[in-house]
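Scroll down for the structure; my scribbles are underneath it.
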Number of protein chains: 2
Amino acid sequence: MPPKLRDVAERAGVSVKTVSNVVNGYVHVKDATRDRVQRAIDELGYRPNLTARSLRSGRSGVLALAVPELDVPYFAELARLVVETAADRGYTVVIDQTGGGREQEMVVLKGIRSHFVDGVLFSPLALSAADLRARTDRAPLVLLGERAPRGPDDHVGIDNVRAARDATEHLVAIGCRRIAAIGAQTGGPGATARQRLSGYRASLTEAGLPYDPDLVVPARSFHRADGFAAMAALLALPDPPDGVFCFNDPLALGALRCLATRGIRVPQDVAVVGFDDAEDGRYSTPSLSTIAPDKPTIATTAVDFLLARIDGTAPTGPRRTTAPHTLVPRESTDR
Amino acid sequence: MPPKLRDVAERAGVSVKTVSNVVNGYVHVKDATRDRVQRAIDELGYRPNLTARSLRSGRSGVLALAVPELDVPYFAELARLVVETAADRGYTVVIDQTGGGREQEMVVLKGIRSHFVDGVLFSPLALSAADLRARTDRAPLVLLGERAPRGPDDHVGIDNVRAARDATEHLVAIGCRRIAAIGAQTGGPGATARQRLSGYRASLTEAGLPYDPDLVVPARSFHRADGFAAMAALLALPDPPDGVFCFNDPLALGALRCLATRGIRVPQDVAVVGFDDAEDGRYSTPSLSTIAPDKPTIATTAVDFLLARIDGTAPTGPRRTTAPHTLVPRESTDR
DNA sequence: GCAGTCTATTACATCGTTGTAAATGCGCCC
DNA sequence: GGGCGCATTTACAACGATGTAATAGACTGC
């Protein structure tokens with residue numbers, strides 16, 4: 001049974017509240033008393049009970065981070081940054097893995113009120129803007145990632161359309177004429193994929209290149225295996241592409257792998273661009289050109305938005321920020 | 001202000017305790033009452049305050065997972081599995097990123113008593129066995145990963161010596177004669193690296209190959225960049241290796257990358273084996289042969305050990321389990 | 001020498017929930 | 001019809017902390 005304030009108080013011969021005052025650095029405590037109490041604290045190894053404190057204060061000092069999958073590098077890196085930033089601000093982070101399904105994401109949305117977390121950073125995949133608007137609960141929530149529904153919530157993302165254009169333009173610039181896109185999400189509510197697709201198309205139009213639906217391959221999920229399969233499908237076309245824009249890095253790495261097994265040279269025969277700038281792509285062979293969202297900015301902005309909501313210092317309307325991104329050219333487009 | 005039991009009670013015209021009984025599925029509640037209360041709950045959107053519940057019960061339903069870095073694939077995958085398993089058992093997981101430093105790891109050790117988590121899964125890098133034994137606090141703790149100090153704590157790991165031997169033997173079997181090791185930790189308390197090194201040496205001895213200290217390269221951390229640098233150092237030797245055993249996959253991928261930039265063929269000129277079976281290695285070019293620890297077993301065993309400690313159903317002595325591992329041969333040793 | 005001010009300390013209520021034990025009411029049996 | 005047992009409901013205390021307001025004492029100034 002761990003010691004509590006009362007145990008310390010008895011040992012130091014003072015009231016419970018005085019101990020509490022010492023613990024919280026209250027000014028009006030005589031030095032002699034403070035020392036005595038402090039000694040008792042040390043001797044007993046007292047540590048405040050955060051649960052009790054939290055019940056009293058209404059704050060838990062815990063944020064939730066809800067992401068689809070922790071082992072997708074982008075989310076792992078984001079999680080790392082969020083946890084670090086939150087720690088800096090004195091907060092702990094619990095991780096919620098939604099799996100990306102609508103049902104589980106709804107649970108997160110509903111679950112917020114289960115006090116215990118002060119606010120939620122949420123990176124949804126499947127939820128529609130309507131789902132988000134339907135939320136009755138106005139608990140502190142910040143949407144994370146590239147998704148930007150016109151909802152009532154704070155949001156931190158990047159300009160997906162612009163980024164996808166940058167990626168595609170880059171392929172055009174190095175001489176690609178038949179440019180494929182891997183990662184479209186047909187039907188699903190995935191705004192991210194839609195935005196990237198629209199940037200891709202805009203870029204084609206701008207370059208005077210035709211839009212060929214055969215070159216747009218959907219991906220069920222965003223893993224290497226999906227990229228591999230999609231690339232294989234593209235290579236089976238009568239007129240295969242000479243450039244591929246993948247909607248994230250694992251897809252691109254899967255595509256690279258597929259090309260390697262077929263003995264197709266990258267970037268000479270096919271150039272590849274990814275998205276997210278996961279660490280893997282920096283050391284793959286060939287190394288992967290990619291769109292690099294400014295992840296540290298995303299993480300810190302999101303955490304600070306959320307803390308401002310929690311503290312009530314945020315403005316009433318939703319805050320939306322677009323974090324910068326850059327194109328990082330590497331070997332997979334180096335020609 | 002979210003509704004509480006009292007609000008529901010007033011609305012339903014019953015006592016607070018009756019509402020509590022309904023919420024907790026207590027049997028002796030008249031159906032009519034139960035319905036009335038349930039309606040009030042639904043209308044008000046009542047959700048129990050987990051903090052209060054936790055204060056009352058002494059349990060928070062939260063486990064902590066302390067790992068060095070979330071964006072090292074092995075830890076990300078482990079985290080994913082742990083979070084999933086814990087969720088299955090009705091627990092939430094908070095992530096603690098220690099950075100792998102002794103100081104921060106000590107904080108985790110001390111911090112356990114800061115109630116709020118019911119137990120800790122801890123994957124230490126820098127802590128010594130002495131540090132762990134010095135823990136006065138007997139809060140539920142399970143050590144995770146490959147480290148196996150003779151401490152008083154539950155532990156789930158794999159047989160590192162055996163696994164390292166398997167890896168090295170595999171290199172011997174495909175004809176390597178000068179086999180290097182990347183990832184030694186000189187001086188540090190890293191038991192993992194020591195064990196893998198000893199397995200490596202044992203295997204050399206067994207194969208009748210000389211042990212050449214020049215072929216053992218330490219790594220400051222276990223990232224791709226370190227593997228790259230180590231490989232570069234090995235290639236600069238007058239008599240470079242024809243096989244490399246890397247103590248984890250990122251090191252191996254960094255090494256592969258280095259070899260690729262030098263135009264050295266893998267596996268023909270140099271064969272490479274990694275450790276951990278991160279998803280990256282399955283799709284790298286060449287794909288990476290590696291030691292695959294049974295991560296799902298590690299995660300579920302660890303969580304179950306911890307929950308048993310928490311419930312008090314665990315035996316008194318420390319429990320130790322060695323999860324199985326397998327060698328997964330891929331292209332990087334396919335010759 | 002006494003009101004007035006300031007410091008240091010304290011008792012008590014409270015955060016929202018649940019365990020304990022007691023109260024209420026009903027049916028049933030002898 | 002009085003008593004017993006059971007189902008149902010309740011009041012109250014407690015989990016460990018902290019805010020509020022009150023108290024006791026020390027000191028100022030007139």
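Only this structure's heavy atoms are used, side chains among them; waters, hydrogens and symmetry mates stay out. Note on naming: letters A, B, ... go to the chains in the order of the sequence lines (proteins, then strands), and numbering restarts at 1 for each one.
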Check residues 15-27 of chain B and write down every donor-acceptor pair under 3.5 Å in which the side-chain atom is one partner and the other belongs to a residue at least two apart or another chain.
from: B/Ser15; atom 1: OG; to: B/Lys17; atom 2: N; distance (Å): 3.4
from: B/Ser15; atom 1: OG; to: B/Thr18; atom 2: N; distance (Å): 3.2
from: B/Ser15; atom 1: OG; to: B/Thr18; atom 2: OG1; distance (Å): 3.2
from: B/Ser20; atom 1: OG; to: B/Asn24; atom 2: ND2; distance (Å): 3.4
from: B/Asn21; atom 1: ND2; to: B/Lys17; atom 2: O; distance (Å): 3.4
from: B/Asn24; atom 1: ND2; to: B/Ser20; atom 2: O; distance (Å): 2.7

Can you find a heavy atom in the side chain of [X] that is under 4.5 Å from one in the side chain of [Y]?
X        : Y        : value
A/Leu125 : A/Thr192 : no
A/Ile310 : A/Leu63  : yes
B/Val14  : B/Val37  : yes

Practice problem: Return the angle between end axes of the helix from C/dG1-D/dC30 to C/dC30-D/dG1, with five pairs used per end and rounding to 10°. | Solution: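 Inter-axis angle at the ends, rounded: 60°.
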Quiz prompt | Sequence neighbours excluded - salt bridge (charged side-chain N to carboxylate O under 4.0 Å, His left out) pairs with any residue from residues 77-96 of chain A | solution =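 Qualifying pairs: A/Glu77-A/Lys295, A/Arg80-A/Glu84, A/Arg80-B/Glu69, A/Arg80-B/Asp71, A/Arg89-A/Asp304.
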Self-check item: Sequence neighbours excluded, every pair satisfying salt bridge (charged side-chain N to carboxylate O under 4.0 Å, His left out) that has a member inside residues 2-14 of chain A
Solution: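 Non-adjacent pairs meeting salt bridge (charged side-chain N to carboxylate O under 4.0 Å, His left out): A/Arg11-A/Glu43.
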Quiz item: First and last nucleotide of DNA chain D touching chain A, 5' to 3', heavy-atom cut-off 4.0 Å?
Solution: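 Listed 5' to 3', the contact boundaries are D/dG16 to D/dT20.
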Quiz item: Along nucleotides 9-17 of chain C, 5' to 3', which nucleotides get a B, which get an S, and which get a -, given that the test is a protein heavy-atom distance under 4.0 Å?
Solution: BBB-BBBBB
[atom1]/[X] to [atom2]/[Y] distance, rounded to the nearest 0.5 angstrom?
X        : Y        : atom1 : atom2 : answer
A/Leu55  : A/Phe116 : CG    : CZ    : 14.0 Å
A/Leu70  : B/Ile95  : CG    : CD1   : 6.0 Å
A/Thr321 : A/Phe305 : OG1   : CZ    : 3.0 Å

Quiz item: Which of these passes side chain to side chain contact (heavy atoms under 4.5 Å, CB included) with B/Leu65: B/Val303, B/Leu144, B/Val117?
Solution: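 For B/Leu65, the side chain to side chain contact (heavy atoms under 4.5 Å, CB included) check succeeds only for B/Leu144.
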